[in-house]
There are 2 protein chains.
Amino acid sequence: MTYYAFDDASRQTLADSAYAQLRRDIIVGTRAPGERLRIEKLKKIYEIGPTPLREAMQKLAQDGLVNSEGNRGFTVAPLNANEFQDLNLARTVIEKEALRLSIEQGDNLWEARVVAAAYIMGKEDAMLSEALGDLPDSWEKANAELHASLVSACGSDWLIKIRTGLHDLCERYRRASVNQKIGSRNLQAEHSGIVEAALARDADKACALIEAHFGLTAAMLVPKEPTHKEAVSQTE
Amino acid sequence: MTYYAFDDASRQTLADSAYAQLRRDIIVGTRAPGERLRIEKLKKIYEIGPTPLREAMQKLAQDGLVNSEGNRGFTVAPLNANEFQDLNLARTVIEKEALRLSIEQGDNLWEARVVAAAYIMGKEDAMLSEALGDLPDSWEKANAELHASLVSACGSDWLIKIRTGLHDLCERYRRASVNQKIGSRNLQAEHSGIVEAALARDADKACALIEAHFGLTAAMLVPKEPTHKEAVSQTE
DNA sequence: AAAATAATGAATGTCGAGAATATGAAGCTG
DNA sequence: CAGCTTCATATTCTCGACATTCATTATTTT
């Protein structure tokens, strides 16, 4: 009987694999906010034992995607508007600084990466004019890559690491919401404006545009109907 | 609001307790940078089974205090000057923003907390004039409380959470170094300058002083010894 | 002798079962 | 009927044992 699902060269443990799967499922929304994560149930779903599952949970709890209360198990972290404002604030701070450093230090390779990401983003944005409801995965991917490319030359692994964590947390909020006003925005113009400022090495302008960009996105988030009872946000 | 909220001690699991102990031991230096963390060895030391130990490890790995390589166990994250520069950069960004927000929004209670922390810090700094080698725990505690109090009114739980993590990572570096020039600094003046600027609601000045404060601390860090290899060879 | 391969020992990662704890229902007291 | 206690059930957490992988040495081959 083989323990490992990935017999090939990938040196990944079951705990790592469970972590990756659960993480994606939580961000995408397969596991709803507030949902209880019972070990016995998850054992059957992911077909692994309790030990690697619990290890994955602990990591997710550290990420802020899962709440862990001693002897009372784990739940998917609930969504609430207050926390998102907070999250967006912290994210903006980090992203601006990383962008500023990136603009100061970026080389040709950085420019090339930004240009390439902007090219794809442009096409995705153009196709988006009438799209309502969920954004296509290709758009999500292009958007993530564009923003990642912009800050990729900041030279600070920790800024990147923190940025990535906050980005993922915010993405869960975005995916859990309906962007009703997506049509009223000119995302293409916003994106190209940021890219142009970055390539022109105008850090102040790029930072201002990024801040506005994040602010607009945040302002337009409208919660979907909660798919789970506990998902109803309550102020505490 | 504290990041590690254990308001009811009876609700502590062994995994939580192992996490807390290991975390402290790593930050303080009891577990040396680069040291391998073998489960069997730790089982005897902390007198618990492998499962809660592994869960604690995964959390610590997520914090950046432990490195985890699939099927090759865990090691205490090594120290290196490059990473510290990086860490200090990210920390400064966060701390400045949190301080600015705190100064804008702080109420009487915040002022009182800052004044109280500054009072204790002043006494600790005064006693420090001729101290060499390790700083006393009482000083560490007062210093941590002063800086925590300054940013405590920023209103962003996530900024605080990130700040706390970075603070702890930096503290490990500070504890692992000899502050030979501790005497050449006027810590009392630095601290009181920051506090005065904060209470005067001069955010720009306070941020500038904090940045200089962190920069000076970073510049003075001198590694104690190349303890890495010794730590590895220390089998039991 | 050097390189490649096989064998050995040690450490890691995983599982199922059992102990500890929480949840909820039933019964008792006032 | 409210409030408290007791008991039963379900879930979490922990442990010891075992399968798997890694690292090192011994053996064979060119």
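The chains referred to below are lettered A, B, ... by the order of the sequence lines, with proteins before strands, and numbering in each begins at 1.
- Taking only side-chain nitrogens and oxygens, B/R72 never comes nearer than 4.0 Å to OP1 or OP2 of C/dG13.
- One can place OH of B/Y46 at 19 Å from C1' of D/dT14, the figure rounded to the nearest angstrom.
- Here the C1' atom of nucleotide C/dG13 and the CE atom of B/M57 are 13 Å apart, to the nearest Å.
- When rounded to the nearest whole Å, the span between NZ of B/K43 and P of D/dC15 equals 9 Å.
- With sequence neighbours left out, A/F84 forms a ring-ring contact (aromatic ring centres under 6.0 Å, His included) with A/Y173.
- The A/L14 side chain lies nearest to C/dC15 when the options are D/dC15, C/dC15, C/dA11.
- Rounding to whole angstrom units, CD of residue B/E55 and C1' of D/dT14 are separated by 9 Å.
- In this model, no side-chain donor or acceptor of B/T13 finds a partner on the base of D/dC13 within 3.5 Å.
- Legend: salt bridge (Lys or Arg N to Asp or Glu O under 4.0 Å) pairs involving residues 50-66 of chain A, not counting sequence neighbours, sorted by first then second residue: A/D16-A/K59, A/R23-A/D63, A/R54-B/E55, A/E55-B/R54.
- Listed nucleotides: C/dA11, D/dT12, C/dG13. Nearest to the side chain of A/R38: D/dT12.
- To the nearest angstrom, P of C/dA11 lies 9 Å from NZ of B/K44.
- For the pair A/I39 CD1 and D/dT11 P, the computed distance is 12 Å after rounding to whole Å.
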For B/F74 and B/R38: C-alpha separation, side-chain torsions, deciding distance, then whether side chain to side chain contact (heavy atoms under 4.5 Å, CB included) applies.
CA-CA 7 Å; B/F74 305 89; B/R38 290 200 191 78; over 6 Å; no
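- For the pair A/R54 and C/dT14, the criterion of a side-chain N or O lying under 4.0 Å from OP1 or OP2 is not met.
- For the pair B/Q58 CD and C/dT14 C1', the interatomic distance rounds to 13 Å; values are reported in whole Å.
- Along DNA chain D, the nucleotide closest to A/T51 and the one closest to A/G73 are compared, and the more 5′ of them pairs with A/G73.
- Remark: C1' of C/dT12 and CG of A/D16 are 13 Å apart, rounded to the nearest angstrom.
- Atom CD of residue A/Q21 and atom CZ of residue A/R31 lie 10.5 Å apart, to the nearest 0.5 angstrom.
- Remark: the backbone N or O of B/L99 is not paired with any side-chain donor or acceptor of B/S102 at under 3.5 angstrom.
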